[in-house]
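Chain A is the first sequence line, chain B the second, and so forth, proteins listed ahead of strands; every chain is numbered from 1. Note: hydrogens, waters and symmetry copies are ignored here, and every other heavy atom, side chains too, is used. Since we're looking at a predicted model, the values are computed, not measured.
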Amino acid sequence: MSAWTRRLRAFFGIEYALMLTYRAEILLWAIATCLPLIMLGVWTQAAESGDFVHGPAWMARYFIAVFLVRQVTIVWVIHHFEYLVVSGRLSPQLLLPVDPVWRYAVAHLAEQACRIPIVAVMLVGCLLLFPAAWRGDATVGPWVPGWGALVGGALACMAAFTLRFLLQYTFGLFAFWLERVAAVHELVYLLILFLSGMVAPLEVFPAAARDAVLWTPFPWLVWFPAKLMMGEPAPVLRGFVTLGVWIVALAVVNRVVWIRGLKHYSAMGA
Amino acid sequence: MSPGASYDGCVPSIVVDNLSKTYRVADKDPGLRGAVRHLLRRQHREVKAVRGVNLVIEPGEVVGFLGANGAGKTTVMKMLTGLVHPTAGRVEVLGHEPKRRRAALLRQITLVMGNKQQLVWDLPAGDSLRLNAAVYGIPDTEAKRRTDELCEVLGLGRDKELSQPVRKLSLGQRMKCELVAALLHHPKVLFLDEPTLGLDVNAQTAVRDFVGRYNAQHGASVLLTSHYMADITALCKRVVVIHRGQIHFDGPLDDLTTRFAPERQVRVELAEPVGAQGLSAYGVVESVDGRAATLRVPRDSVPAAVNRLLSDHRVVDLTVADAPIDEVVEKLFAHADAQGDTHADTPPDAGLAEPRP
């Protein structure tokens, strides 16, 4: 086992053990992040009575996919990092010969692993409550995602998680200068909420608005992986290229801000 | 001699040259009015936490770093470990610039802070040790051997303290576990910031002995701050005293006592009570309590004064001691303050600091 594999395993082990300690909190988080399921109820009702491109079965399927995407791309690093900087508890991590970013990333994976059983139960509940989502209806066939959809969806989810993590962590680094960066990031979250397809699928946006939104990174974080998981046609090349470009750009910005931020760190209280 | 030069031919572990750190802090009056005023017109001021510090520490040396709260000790330590970037000056630890945070340096140093912990609060200390072993690339069997060795010296049990969540440990047990975690990778330079803070006497002694033993076994350099003078006197031959960000003394502990406590304490118990007036011929009378008295006598005059006391009175008991080290340090601070008042523009280190012997 290489030194890096051993380190990452050790990080995962300790973070998973921590997450198990906070299992009740994780249950509450999982429930608190079920906005897509609320949207599912709203949009299936709307689709039944309104004039939309897609019917209720498609809407249910879309928001179940969005729910899954959301569960594997939840990022909270900004809150954690802000606390570490403001309290000075970042100091012990800076003294280790490993960049702390690896530990934060692995902590997210450990938290996701810990959340799997809760998400599985919620998913089964949704599919039972909205059987049309997997059975299909007159407008859409049964939901049987092929290997391409599964692999594509998984890769898109990984890329979306990486991008969201880098976006939030880069904002988090401004805690070296500002004390409450999480509040600033709430503005970004508003954009993610409305432009990513989490509240409404891009298909219901006016064409001009949809075209404009597709030039931002937000729809590629939720709408794109959800469409792939549904087995629907999606701009695969453009999606992965957009995600890749944003990931590389943010990684560069992140490292620059990190180096500059460390100069400002005063290790308060530690 | 330049700060980087070696005194005995070996490369110093730590070289600090004209190190300074200035913080910019917000100036805000208390209360609602102060808060509103601060919101509308922010005012900042510069705090010079460290001013022109020079320091050289050789391999294997244990140096006591003394100073009152806010004197700049911890800021210097943070700069030596790379946590805080200096405003000016040069720092070199084991040939590396700490602020660059090179893994090669981080593998060889450790920082233990009495008021902060690196152990994961909600998990057993053993988990944090396993994590550190992986992070520092220590093979499992070697990590286990080192853990057992360190635990044995500190009186920790692998199945007891190491398997309990850290939050359930007493302060003393926690600090011992912190030390095991901090020393598992066998660092060559130890920065210990108040490692015995809040510990009871037994735990203090255990930690102190442990640090001394580690230094002897591994030849590690140690920079130790402590408000417990027993820690300093037990471990450090050399002390560095910092006051208001400047070094005011750097030399052997004995020299500090000689320079700032030119008088020794003579405690005497007589067969019959003698008043203060009767004892004033032997030295300055500090206190008289019945038959017991404490006198301050200039160092050179102690033999003569003791001889005269023994010949003039029936002495039951007599001891001669140096003034307590904390008293000595207080005198040094007072001296430095007095100098600061009269020489406000004196350059850094222009006070009592002198080149190392």
Side-chain angles (χ1 to χ4, degrees), chain A residues 1-26 80 83-103 106-107 110 114 176-179 255 258-270, chain B residues 21 23-26 47 49 74-75 77-79 81-87 98-113 115-124 126-140 143 165 167 178 181-182 185 187 191 193:
Chain A
M1 193 193 309
S2 78
W4 265 104
T5 315
R6 188 168 166 232
R7 280 174 182 172
L8 294 177
R9 273 185 59 170
F11 282 150
F12 188 86
I14 205 154
E15 294 296 342
Y16 189 76
L18 258 181
M19 296 302 164
L20 284 180
T21 311
Y22 308 141
R23 53 195 175 275
E25 194 179 4
I26 287 176
H80 183 58
Y83 165 71
L84 292 176
V85 173
V86 173
S87 65
R89 295 182 73 100
L90 180 64
S91 301
Q93 297 184 358
L94 290 178
L95 290 170
L96 296 175
V98 180
D99 192 306
V101 68
W102 295 106
R103 185 160 176 183
V106 171
C114 208
F176 286 124
W177 291 272
L178 309 165
E179 283 175 6
R255 288 300 86 186
W258 168 253
I259 291 165
R260 291 183 177 218
L262 283 178
K263 290 182 187 168
H264 277 260
Y265 183 54
S266 59
M268 285 172 279
Chain B
K21 178 69 190 178
Y23 289 111
R24 188 166 176 260
V25 295
V47 175
T74 305
T75 304
M77 283 227 179
K78 285 175 186 171
M79 288 193 279
T81 50
L83 290 177
V84 167
H85 289 218
T87 309
K99 71 176 182 183
R100 296 193 181 280
R101 298 188 56 250
R102 297 276 182 245
L105 172 66
L106 297 174
R107 286 176 189 285
Q108 300 184 78
I109 63 169
T110 200
L111 169 67
V112 176
M113 290 191 261
N115 59 345
K116 287 282 164 187
Q117 91 260 345
Q118 63 155 311
L119 301 171
V120 181
W121 185 248
D122 291 312
L123 295 179
D127 283 353
S128 294
L129 296 182
R130 270 189 289 279
L131 179 74
N132 276 15
V135 165
Y136 286 104
I138 307 164
D140 285 337
R167 64 169 187 269
E178 284 287 342
H185 60 290
F191 298 98
D193 191 11

Task: Part of B/A182 within contact of chain A (heavy atom distance under 4.5 Å) - done: neither
Open item on the list: For A/F11, which atoms come within 4.5 Å of any heavy atom of chain B: side chain, backbone, both, or neither?
Closed with: both
Task: chain A contact via B/P124 - side chain, backbone, both or neither, heavy atoms under 4.5 Å - done: neither
- [ ] Look at B/P86, B/A104, B/A133 and state which one has the largest set of heavy-atom pairs under 4.5 Å with chain A.
- [x] B/A133
Open item on the list: If you count heavy-atom pairs within less than 4.5 Å of chain A, which of B/Q117, B/K99, B/R130, B/H185 leads?
Closed with: B/Q117
Task: CZ on A/R6 to CG on B/L131, rounded to 0.5 Å - done: 10.0 Å
- [ ] Mind checking salt bridge (Lys or Arg N to Asp or Glu O under 4.0 Å) for B/R100 and listing every partner two or more places apart, or none if nothing turns up?
- [x] B/E97
- [ ] Side chain from CB out, backbone as N, CA, C, O: work out which of these in A/L90 comes under 4.5 Å of a heavy atom of chain B, or both, or neither.
- [x] neither
Open item on the list: Give me the atom names and distance for the closest heavy-atom approach of B/A134 to A/R7.
Closed with: O-CG, 3.4 Å
Task: Separation between CG of B/D122 and CG of A/L18, rounded to the nearest 0.5 Å - done: 6.5 Å
TODO: Answer with side chain, backbone, both or neither: which region of B/V120 has an atom nearer than 4.5 Å to a non-hydrogen atom of chain A?
DONE: side chain
Task: More than 12 heavy atoms of other groups within 6.0 Å of B/R167 CZ - done: yes
Task: Between OG1 on residue B/T110 and CG on residue A/L95, distance to nearest 0.5 Å - done: 7.0 Å
List, one per line, each side-chain donor-acceptor pair under 3.5 Å for residues 96-103 of chain A, sequence neighbours excluded.
| from | atom 1 | to | atom 2 | distance (Å) |
| --- | --- | --- | --- | --- |
| A/D99 | OD1 | A/V101 | N | 3.0 |
| A/D99 | OD2 | A/R255 | NH1 | 2.7 |
| A/R103 | NE | A/E15 | OE2 | 2.9 |

- [ ] Give the minimum heavy-atom separation between B/L83 and A/Y265, together with the two atoms involved.
- [x] O-CD2, 3.5 Å
Open item on the list: With a 4.5 angstrom heavy-atom cut-off, is it the side chain or the backbone of B/D193 that approaches chain A, or both, or neither?
Closed with: neither
Open item on the list: To the nearest 0.5 Å, what is the distance between CG on B/N132 and CD1 on A/I14?
Closed with: 8.5 Å
Open item on the list: Would you compute the distance between atom NE2 of A/H264 and atom CZ of B/R24 and round it to the nearest 0.5 angstrom?
Closed with: 10.0 Å
